[in-house]
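One-based numbering along the sequence shown. None of the values given here were measured: they were computed from a predicted structure.
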Amino acid sequence: MITFVQRGDFSKTEKFLKTNRKSKYRNIINRYAQQGVNALSAATPVMTGLTSRSWSYEISETDTSITITWKNSNIKSGVNVAVILQYGHGTKNGGYVQGIDYINPAMRSVFQNLADAAWKEVTAV
């Protein structure tokens with residue numbers, strides 16, 4: 001007869017594996033977050049170049065999700081310039097400047113590539 005006795009638990013091993021897995025995902029998320037910044041910067045309409053140089057990202061994590069937030073810090077008179085370029089804006093004399101949809105086309109390939117990379121990671125054997 002063979003008997004196995006186990007004392008303790010696997011909490012340290014589980015913690016190591018979870019931490020290692022999270023760090024692998026963080027690298028992927030950081031890579032695509034930066035690609036998003038690069039895509040947005042390249043696609044932003046340029047007058048002075050300040051708006052295109054003002055893109056950044058922030059990553060927030062919970063136990064169940066990771067969120068990437070792309071931000072643009074170019075604010076004029078309390079208005080985010082990247083937003084009014086995208087959606088349009090009224091002028092002082094009552095006119096309207098039509099927006100240019102530059103964000104969605106720029107981010108489409110970043111989202112697709114991120115989704116493909118994430119799928120590859122979760123289905124890896």
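- Interatomic distance, Tyr87 OH to Ile84 CD1, rounded to the nearest 0.5 Å: 13.0 Å.
- For Ser41, the side chain to side chain donor-acceptor pair (under 3.5 Å) test picks out no residue, with sequence neighbours left out.
- Interatomic distance, CG of Asn72 versus OG1 of Thr44, reported as 6.5 Å (0.5 Å rounding).
- No hydrogens or angles considered: nothing links the side chains of Ser54 and Asn74 as a donor-acceptor pair under 3.5 Å.
- Residues passing the side chain to side chain donor-acceptor pair (under 3.5 Å) test with Asn38 are Gln34, sequence neighbours excluded.
- For Trp70, the side chain to side chain donor-acceptor pair (under 3.5 Å) test picks out no residue, with sequence neighbours left out.
- Taking CD1 of Ile103 as the start and CD of Gln86 as the end, the distance is 4.0 Å to the nearest 0.5 Å.
- Using a distance-only test at 3.5 Å, with no hydrogens or angles considered, a donor-acceptor pair links the side chain of Tyr102 to the main chain of Ala82.
- Sorted by first then second residue, the salt bridge (Lys or Arg N to Asp or Glu O under 4.0 Å) pairs that include residues 77-98, not counting sequence neighbours, number zero.
- In this structure, Gln98 has no side chain to side chain donor-acceptor pair (under 3.5 Å) partners at least two apart in sequence or on a different chain.
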Practice task
Could you walk me through whether Lys71 and Thr69 pass the side-chain contact (heavy atoms from CB on, under 4.5 Å) test, one step at a time?
Solution key: CA-CA 6 Å; Lys71 299 179 175 190; Thr69 304; 4.1 Å; yes

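- Annotation: side chain of Ile59 is in contact with side chain of Ile66 (closest heavy-atom distance under 4.5 Å).
- Between the side chains of Asn30 and Asn27, no donor N or O sits under 3.5 Å from an acceptor N or O.
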Side-chain donor/acceptor pairs under 3.5 Å, residues 107-115, sequence neighbours excluded:
| unit_1 | atom_1 | unit_2 | atom_2 | d |
| --- | --- | --- | --- | --- |
| Gln112 | NE2 | Asp116 | OD1 | 2.9 |
| Asn113 | ND2 | Ser109 | O | 3.2 |

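- Taking the side chain as every heavy atom from C-beta outward, Thr51 and Lys76 never approach each other to under 4.5 Å.
- No donor-acceptor pair closer than 3.5 Å links the side chain of Asn80 to the backbone N or O of Ser73.
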